[in-house]
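One structure below.
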2 protein chains.
Amino acid sequence: MAGLRERQKAKRNRAILEAASTLFKQNGYEAARIEAIAESAEVSVGTLYNYYAHKADLLLAIVSMEVEEVLHQGESVVAAPPGTAQDAICALIATYYDHSLVYLTKEMWRTAMAFSIQSADTKFSRRYHALDAALSEQVVALMERLQGEGLIDAAADARALGEVIFLALNGLFTIYTLSEDMSLDALKAAMFHKVAALTDLVAVPEEELREQAAR
Amino acid sequence: MAGLRERQKAKRNRAILEAASTLFKQNGYEAARIEAIAESAEVSVGTLYNYYAHKADLLLAIVSMEVEEVLHQGESVVAAPPGTAQDAICALIATYYDHSLVYLTKEMWRTAMAFSIQSADTKFSRRYHALDAALSEQVVALMERLQGEGLIDAAADARALGEVIFLALNGLFTIYTLSEDMSLDALKAAMFHKVAALTDLVAVPEEELREQAAR
DNA sequence: CTGTAAAAATGAATGGCCTCAACTTTTTTT
DNA sequence: AAAAAAAGTTGAGGCCATTCATTTTTACAG
């Protein structure tokens, strides 16, 4: 059993994150006053800053949780992808998109993205982009697996295509968070359309697959 | 000849933009104090805010100038594209990338991108994304022209591919601005590689082009 | 238990963007 | 050309994230 100091620390940390999460969702990131978060967590402002050096770090902790869960779910898709190249890629993307509003609102996502871009060379930016890179690698891993299974053209550059797909899904997600009106379905439709345009070019036609199977 | 009021206004506006541009480049956006910009432009802080409602609007004015010039140059490329699909797409992208540091530093770009994402539904965001959309349309226009000329597969979805290429070039540009170390050449190399992966899939091979010409 | 050091908590003070009520200059009207 | 209106300028002050010198709490040796 840990000492009193450690237990209190963990408890306070949980209280702070809980308070921040609630107030960010309720009032939005900007409108959530540090003083209000501290009060809700029953600590002083100074103490809060002992745990999180910047307001944005509270957000980063929440984003990390979100992306880590999604990476975990994505692994299942890569391990056992649906039948066709197009379905497999879309399934992975849907996993990402569907999870995206569990811990964060669109406004919180926008704020997180903005910080990750604005302040290069901060803990925030490095961590955020590491998470992005992990997602990109997962798409690449799926593309390579599909190529290994003969579902996409052996001559295609699976890595380059995977990276392009990630850049596109990421860019569209940004657009999605920018419009309160755009639905998750509209986002998926837009992205799936782009995936279809790409897979039309690289997917091995079913007849060829059957021929291969026959051999 | 315009009245005194108008002339003074134009003069003050120029002085403010000049001062902002200089101080942003010199010290970076964040470090440039509004008070210093006002002083350098020989107006009061209140007057500066009469011309630009937010510090960020000063930046937006500079970004607009940059993108409008690049769109203009891009038109020439679309009007008379180089010989192959790959060369044409890369030429357009190089036009964009090469111009990018004329008025802005990487830090200024990051700040502008961050604002455009964070504050949806502000004048800043709307204007920035309109410029982005115009660039995306220009890439689509090139792709459609290439398809019209028979340089890329008639069955391909030129619009979807153009949009994917734009999302990718935009995403890579973001990465470029995030690392002070990454050179323009490294950026171009990374993007050209991705373009090659795509054009390999859709470009009509030269032998076919010759056949078509023979007919 | 007591004394002492280390760790943590505290909240008043600071710095920088932006506002606004009062003032000045230019234009229009009489 | 005087008066009124319109347009523009001004800078002290408000707000809020963040800092830091001081106080309080915990750990632990004697």
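Heavy atoms only: backbone and side chains are in, while hydrogens, waters and symmetry mates are out. A, B, ... follow the sequence lines: proteins, then strands. Residue 1 opens every chain. Quick caveat, the model's predicted, so the values are computed rather than measured.
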Q. Are side-chain heavy atoms of A/Met143 and A/Arg159 found at a separation under 4.5 Å?
A. no
Q) Below 4.0 angstrom from OP1 or OP2 of D/dG8, is there any side-chain N or O of B/Gln8? A) no
Q) Can we call the ring centroids of A/Tyr176 and A/Trp109 under 6.0 Å apart? A) no
Q.
Whether the A/Thr47 and A/Ser44 side chains hold a donor-acceptor pair (N or O, under 3.5 Å, no angle test) is what I'd like checked.
A. yes
Q: For B/Arg12 and D/dT10, give me the distance from atom CZ to atom C1', rounded to whole Å.
A: 11 Å
**Q.** Any side-chain donor near an acceptor of the partner, A/Asn170 and A/Tyr96, under 3.5 Å
**A.** no
Q: Please round to 10 degrees the angle between the axis of the first five pairs and the axis of the last five pairs in the helix from C/dC1-D/dG30 to C/dT30-D/dA1.
A: 10°
Q. Taking atom P of D/dC16 as reference, at what distance in whole Å does atom CD1 of A/Ile37 sit?
A. 13 Å
Q: Check whether any side-chain heavy atom of A/Leu169 sits under 4.5 Å from a side-chain heavy atom of A/Val139, and report yes or no.
A: yes
Could you list all N or O pairs between the protein and nucleotides 17-20 of chain D that sit under 3.5 Å apart?
from: D/dA17; atom 1: OP1; to: A/Arg33; atom 2: NH1; distance (Å): 2.5
from: D/dA17; atom 1: OP1; to: A/Lys55; atom 2: NZ; distance (Å): 3.3
from: D/dA17; atom 1: OP2; to: A/Ile34; atom 2: N; distance (Å): 3.3
from: D/dT18; atom 1: OP2; to: A/Tyr49; atom 2: OH; distance (Å): 2.7
from: D/dT18; atom 1: OP2; to: A/Lys55; atom 2: N; distance (Å): 2.8
from: D/dT18; atom 1: O5'; to: A/Tyr49; atom 2: OH; distance (Å): 3.4

Q: Calculate the interatomic distance between B/Glu6 atom CD and D/dA6 atom C1'; express it in whole Å.
A: 14 Å
(Q) Just the rounded figure in Å: distance from C1' of C/dC18 to CG of B/Asp57. (A) 12 Å
Q | Separation of B/Phe192 CZ from B/Asp185 CG (nearest 0.5 Å) | A | 9.0 Å
Q. How is A/Tyr51 classified with respect to the nucleic acid when contacts are heavy atoms under 4.0 Å: base, sugar-phosphate, or nothing?
A. sugar-phosphate
Throw together a table of side-chain donor-acceptor distances under 3.5 angstrom for residues 31-43 of chain A, partners on residues two or more places apart or in other chains.
from: A/Arg33; atom 1: NH1; to: A/Glu30; atom 2: O; distance (Å): 3.3
from: A/Arg33; atom 1: NH2; to: A/Glu30; atom 2: O; distance (Å): 3.3

Q) Less than 4.0 Å between a side-chain N and a carboxylate O, is that true for B/Lys11 and B/Glu18? A) no
(Q) On the nucleotide D/dG8, are OP1 or OP2 found under 4.0 Å from the side-chain N or O atoms that B/Thr47 carries? (A) no
Q. Just how far, in rounded Å, is C1' of C/dA9 from CD1 of A/Ile16?
A. 11 Å
Q | Rounded interatomic separation in angstrom, taking NZ from A/Lys9 and P from D/dT26 | A | 14 Å
Q: Examine the side chains of A/Glu69 and A/Tyr103 and answer whether a donor and an acceptor come within less than 3.5 Å of each other.
A: yes
Q | Spacing of B/Asn50 atom CG relative to D/dA6 atom P, expressed in whole Å | A | 18 Å
**Q.** Atom-to-atom span, CZ of B/Arg7 to P of C/dT26 - whole angstrom
**A.** 11 Å
